[in-house]
Amino acid sequence: SGRVALAAGVGGTVAAIGLAAPGLIGGGTPLVERALSGEGAVFALLGLLAARFALTVGSYSLGTAGGIFGPLLVLGSQLGLALGLVFHRIAPQAVPEARAFAIVGMGALFAATVRAPLTGIVLMLEMTEGYSLMLPLLAATFVGQWTADLAGDRPIYEALLGRELGRAVPADEAPPESMLHEVDVHPGAPFDGRRVADLGLPPGCLIIGVERRGDHLVATGETVLTAGDRLTVVTSSDAGEALAALSAGSGGS
């Protein structure tokens, strides 16, 4: 299929880049450490930024699971250090150390992408022990989040969740409004011991999560439900038949 061909193409490209330049792939910790030490030239840093950005976007376009924290740190540190070097060259007395911009850049990009400025500040301070940069981090994270909000962009995790839900429910079948429900599976209920794919739920009803003995699972068609599970279900606003099916299948009243 087209998706398989796309995945193979992107995977092959990443593999080829990894063979030619291993430092461009992976978590990127060495790149972050170099940026925090102030190593690099402006054009080299911008080249690394462009390459890592393309690899990150290409990987996430496939919809496969993967971490976003590491790539964010790499992109933020490279861009921050590049700007720091430029400002240091223009006004060396005002910007005595360019490497401080790498820390601030990581915090700003994290806040803009995840929309968690306080978390970003705490993470950067704990990772780098750059407590003297508290005020620059506050300003940068505020500007980063404000800029992303003005652009109308959604937080990365919200966007990824929306993409997964959009795949589960085709766009032409998705209801204009939806409701979220929690349903408990009782012992001996019709849902007990059956796969999600075999439940025969009506259109407009989608099980998206299962809480089982304190663990939260992402529901798939192969997930087997057991008594005691708490299901998180999305239904369309007019899916009365879905609610009846859920109540009957879970053994609720």
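Sequence positions, counted from 1, serve as the residue numbers for this chain. The structure presented is a predicted model; accordingly, all values stated were derived computationally and were not measured.
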Checklist entry - Do Leu109 and Val122 belong together in a cluster built from hydrophobic side chains that touch within less than 4.5 Å? => result no
Next on the checklist: Tell me the closest heavy-atom pair linking Pro117 and Ala111, and the distance in Å.
Outcome noted: CA-CB, 3.9 Å
Checklist outcome for this item: When every non-hydrogen atom of Ala112 is compared with those of Gly144, the smallest separation belongs to CB-O, 3.3 Å
Next on the checklist: Could you walk me through whether Glu222 and Thr220 satisfy the side chain to side chain donor-acceptor pair (under 3.5 Å) test, starting with their C-alpha distance in whole Å, then the side-chain angles of each, then the deciding distance to 0.1 Å, before giving a yes or no?
Outcome noted: CA-CA 5 Å; Glu222 298 300 318; Thr220 68; over 6 Å; no
Checklist entry - Does any non-hydrogen side-chain atom of Leu199 lie less than 4.5 Å from one of Arg194? => result yes
Next on the checklist: Whether the side chain of Asp192 engages the backbone of Pro187 through a donor-acceptor N/O pair (distance < 3.5 Å, no angle test) should be reported.
Outcome noted: no
Checklist entry - What are the two closest heavy atoms between Ala82 and Val42, and how far apart are they? => result O-CG2, 4.0 Å
Checklist entry - How many angstroms lie between atom CG of Leu231 and atom CG of Asp184, to the nearest 0.5 angstrom? => result 7.5 Å
Item to check | Evaluation steps, side-chain contact (heavy atoms from CB on, under 4.5 Å), between Val185 and Thr226 | outcome: CA-CA 7 Å; Val185 178; Thr226 61; over 6 Å; no
Item to check | Shortest non-hydrogen contact between Gly23 and Arg52, atoms and distance | outcome: O-NH1, 4.5 Å
Checklist outcome for this item: Rounded to the nearest 0.5 angstrom, the CD1-CG distance for Ile17 and Leu24 is 7.0 Å
Checklist entry - About how many Å separate NE2 of His181 and OG of Ser247, when rounded to the nearest 0.5 Å? => result 11.5 Å
Checklist entry - If you take all heavy atoms of Pro190 and Ala248, which pair is closest and at what distance? => result CD-O, 3.5 Å
Checklist entry - Below 4.5 Å, heavy atoms only, C-beta onward: do Asp149 and Arg115 meet side chain to side chain? => result yes
Next on the checklist: Could you check whether any side-chain heavy atom of Leu49 comes within less than 4.5 Å of a side-chain heavy atom of Leu75, counting everything from C-beta outward?
Outcome noted: yes
Checklist entry - Transitively linked via ILVMFWY side-chain contacts under 4.5 Å: Leu137 with Trp146? => result no
Checklist entry - Do other residues, nucleotides or ligands put more than 12 heavy atoms under 6.0 Å from the CZ atom of Arg195? => result yes
Checklist outcome for this item: Taken to the nearest 0.5 Å, the spacing of Arg230 CZ from Arg213 CZ works out to 15.0 Å
Item to check | ILVMFWY cluster, Leu72 and Phe142 together (side-chain gap under 4.5 Å) | outcome: no
Checklist entry - Is it the case that more than 12 heavy atoms not belonging to Glu182 sit under 6.0 Å from its CD atom? => result yes
Checklist entry - Hey, which of Val143, Ile121, Val104 is the one that makes side chain to side chain contact (heavy atoms under 4.5 Å, CB included) with Leu138? => result Ile121
Next on the checklist: Quick check: do Val32 and Met106 have side-chain heavy atoms less than 4.5 Å from each other?
Outcome noted: yes
Next on the checklist: Quick check on the hydrophobic clustering: are Leu118 and Tyr131 connected, directly or via other members, by side-chain heavy-atom contacts under 4.5 Å?
Outcome noted: no
Checklist entry - Say you draw a straight line from CG of Leu125 to CE of Met134; how long is it, rounded to the nearest 0.5 Å? => result 4.5 Å
Next on the checklist: Contact between Gln145 and Phe110 at the side-chain level, heavy atoms closer than 4.5 Å - yes or no?
Outcome noted: no
Next on the checklist: Give me the atom names and distance for the closest heavy-atom approach of Ala219 to Val210.
Outcome noted: CB-CG2, 4.1 Å
Next on the checklist: As an exercise, state the distance from OG1 of Thr113 to CD1 of Ile156, rounded to the nearest 0.5 Å.
Outcome noted: 7.0 Å
Checklist entry - With distance as the sole test, does Gln78 use its side chain to make a donor-acceptor pair with the main-chain N or O of Leu31 at under 3.5 Å? => result yes
Next on the checklist: A side-chain contact here means heavy atoms from C-beta on lying under 4.5 Å apart; do Val114 and Phe69 qualify?
Outcome noted: no
Next on the checklist: Under 4.5 Å between side-chain heavy atoms, counting indirect links through other Ile/Leu/Val/Met/Phe/Trp/Tyr residues: same cluster for Val14 and Val57 or not?
Outcome noted: yes
Item to check | Phe191 vs Leu201 side-chain heavy atoms within contact, under 4.5 Å | outcome: yes
Checklist entry - How about Met124 and Leu133: do any of their side-chain heavy atoms sit closer than 4.5 Å? => result no
